[in-house]
K.L.:
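Dropping the structure in here first, questions after.
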Amino acid sequence: MNDFALKGNILHTAKMGELEIFPDAYLICADGICQGVFYEPPGQYAGIPVTDYSGLLIIPGMTDLHIHAPQFACRGTGMNAELLDWLNTRVFPEEIRFADMDYAARAYQIFADQMRKSATTRAVIFGTTHRNATLLLADLMEASGLVSYIGKVNMDRNAPEDLLESSADAAASDTRAFIRDVINKRYARTKPILTPRFIPCCGDALLFQLSKIRQEFDLPVQSHLSENPAEVELVKTLEPDAEFYGDCYDKYGLFGGESGTIMAHCVYSSDAEIRRMKENGVRIAHCPNSNTNLSSGIAPIRKYIHLGLRVGLGSDVAGGQTESMFRAIADAVQASKIYWRYINHHDKPLTFAESFYLATKGGGSFFGNVGSFETGYEFDALVIDDSKLPCPRPLSLADRLERAVYLGLDQTSITAKYARGLKIL
Ligand code: GUN
Ligand code: FE
């Protein structure tokens with residue numbers, strides 16, 4: 001048995017918007033599973049090793065529901081374009097480089113190292129169309145200790161030839177081989193996810209093939225949805241018979257379902273699209289940093305929460321300039337305030353505790369019981385040392401957490417990090 005306890009100031013949001021605070025308490029882990037928070041460890045845990053983080057903040061690990069590993073080198077560059085131009089001028093030329101395994105090895109090592117140091121314990125990740133490079137990414141993420149889903153990207157139209165697969169059949173056979181490769185590796189922490197890039201890059205024949213693969217392997221799906229006005233118009237031109245953008249995925253059983261579907265963005269989803277997302281249990285990866293950088297807009301997250309849709313946060317590197325989930329939490333609050341002020345004053349801004357929930361339990365639920373310190377939850381935890389931030393007066397624990405997030409202490413001050421009970425930092 002691998003049982004241990006962490007001692008410190010414990011904070012989490014087991015319920016949306018409700019920050020629970022346990023000053024100077026014990027957080028107990030047995031075999032990777034959280035046994036709860038206690039002021040005195042119960043008798044059966046009397047002798048377990050305790051790591052003393054007294055005075056520090058102990059919070060759940062973060063889930064990044066949407067990130068592109070091959071775009072890590074593009075962070076913070078080319079940010080004057082909107083989505084479709086940005087893809088053509090920055091993203092596709094970078095992703096083409098991943099045909100070269102030496103380049104892929106260098107780039108993905110940088111990515112995996114950074115993810116290990118980040119606040120993220122769970123990630124849902126896009127690779128490129130390249131099967132071998134994406135398998136290497138899976139190897140490196142497994143070694144990082146994070147728990148992740150990795151997708152080999154599928155695309156067969158509207159991109160440079162060097163990035164496209166030669167046919168829908170070729171894409172499908174490569175995707176099948178990638179999935180088999182991942183299964184054969186018997187990773188403990190890494191799983192495959194079906195990844196059609198987005199409708200402008202995926203024709204009907206390809207989506208049909210992916211629907212068959214989904215049935216065969218019972219896989220979750222990740223993609224993009226209603227991110228940018230020109231993109232939404234392009235989809236209408238390409239797929240005039242679809243009821244709405246998301247219907248193009250739904251026609252092929254790639255929009256919801258038991259094994260789960262994550263759609264990034266949903267900035268311009270129509271009422272009909274929203275209704276279908278709700279009916280099908282589609283999850284939304286809200287990526288406010290990317291939506292600002294690419295002038296995409298602001299997703300109506302208060303409305304989605306109100307309607308009971310499942311929402312988590314994504315960094316969307318490199319639309320987003322950073323993998324920092326602390327930044328994503330602050331950005332989600334700030335974007336919601338602009339939305340409320342300028343777009344719809346009925347949609348109240350997100351509170352800090354609501355946004356914190358989205359980054360932890362909201363997104364974490366894609367992985368099961370993940371994202372809080374409730375008993376039975378998988379043990380993902382961060383220890384944050386905010387002692388180097390000077391303040392002339394004592395702060396409450398709630399203020400200390402909010403300050404640590406807004407000031408980006410995940411970049412400098414993670415003292416320890418645990419994913420599914422394993423100490424990875
Ligand atoms: N839509 C299709 N591909 C991409 C991508 O790589 N990033 C973002 N933000 N949107 C996309
Ligand atoms: Fe994206």
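Along the sequence shown, residues are numbered consecutively beginning with 1. Order of appearance sets the numbers: ligands from 1, and atoms from 1 within every ligand.
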K.L.:
Could you pull out the atom name of the N/O/S atom in D316 that is nearest the Fe ion (ligand 2)?
P.N.:
OD1
K.L.:
Any idea which atoms of ligand 1 are less than 4.0 Å away from a heavy-atom of L83?
P.N.:
8 (C), 10 (N), 11 (C)
K.L.:
Give me the residue, atom name and distance of the protein heavy atom closest to atom 3 (N) of ligand 1.
P.N.:
R197 NE, 2.8 Å
K.L.:
Before signing off on this row, confirm whether E227 and ligand 1 have an N or O atom pair separated by under 3.5 Å.
P.N.:
yes
K.L.:
Just how far is it from atom OG of S315 to atom CD of Q71, taken to the nearest 0.5 Å?
P.N.:
10.0 Å
K.L.:
With a 6.0 Å cut-off on ring centres, are H346 and H306 close enough?
P.N.:
no
K.L.:
Between H224, E231, H66, which one has a non-hydrogen atom sitting closest to atom 4 (C) of ligand 1?
P.N.:
H224
K.L.:
Is the Fe ion (ligand 2) under 2.8 Å from any N, O or S atom of C287?
P.N.:
no
K.L.:
Which ligand 1 atoms are under 4.0 Å away from a heavy-atom of H265?
P.N.:
9 (N)
K.L.:
When you measure from the Fe ion (ligand 2) to each N, O or S atom of H68, which atom gives the shortest distance?
P.N.:
NE2
K.L.:
Does at least one non-hydrogen atom of Q71 fall below 4.0 angstrom from an atom of ligand 1?
P.N.:
yes
K.L.:
Report the relative orientation of the aromatic rings in Y108 and F98; use parallel for angles under 30°, tilted for 30 to 60°, perpendicular for over 60°.
P.N.:
tilted
K.L.:
For F366 together with Y149, are the ring centres under 6.0 Å from each other?
P.N.:
yes
K.L.:
Step through the shown structure and confirm whether more than 12 heavy atoms of other residues, nucleotides or ligands are within 6.0 Å of CG on D100.
P.N.:
yes
K.L.:
Any idea which protein heavy atom is nearest atom 9 (N) of ligand 1, and the distance to it?
P.N.:
D316 OD2, 2.7 Å
K.L.:
Using distance alone, with no hydrogens and no angle criterion, decide if Q209 and Y252 have a side-chain donor and acceptor under 3.5 Å apart.
P.N.:
no
K.L.:
For a salt bridge (charged side-chain N to carboxylate O under 4.0 Å, His left out) with E354, tell me which candidate from K361, R302, K348 qualifies.
P.N.:
R302
K.L.:
So, 2.8 Å as the limit: is an N/O/S atom of H265 located closer than that to the Fe ion (ligand 2)?
P.N.:
no
K.L.:
With no hydrogens and no angle check, is any side-chain donor or acceptor of S223 less than 3.5 Å from a backbone partner on V221?
P.N.:
no
K.L.:
Show the atoms of ligand 1 that are less than 4.0 angstrom away from any heavy atom in F198.
P.N.:
1 (N), 2 (C)
K.L.:
Is the H12 to Y377 ring centre distance short of 6.0 Å?
P.N.:
no
K.L.:
Heavy-atom pairs closer than 4.0 Å: do any link ligand 1 to the side chain of W86, the backbone, both, or neither?
P.N.:
side chain
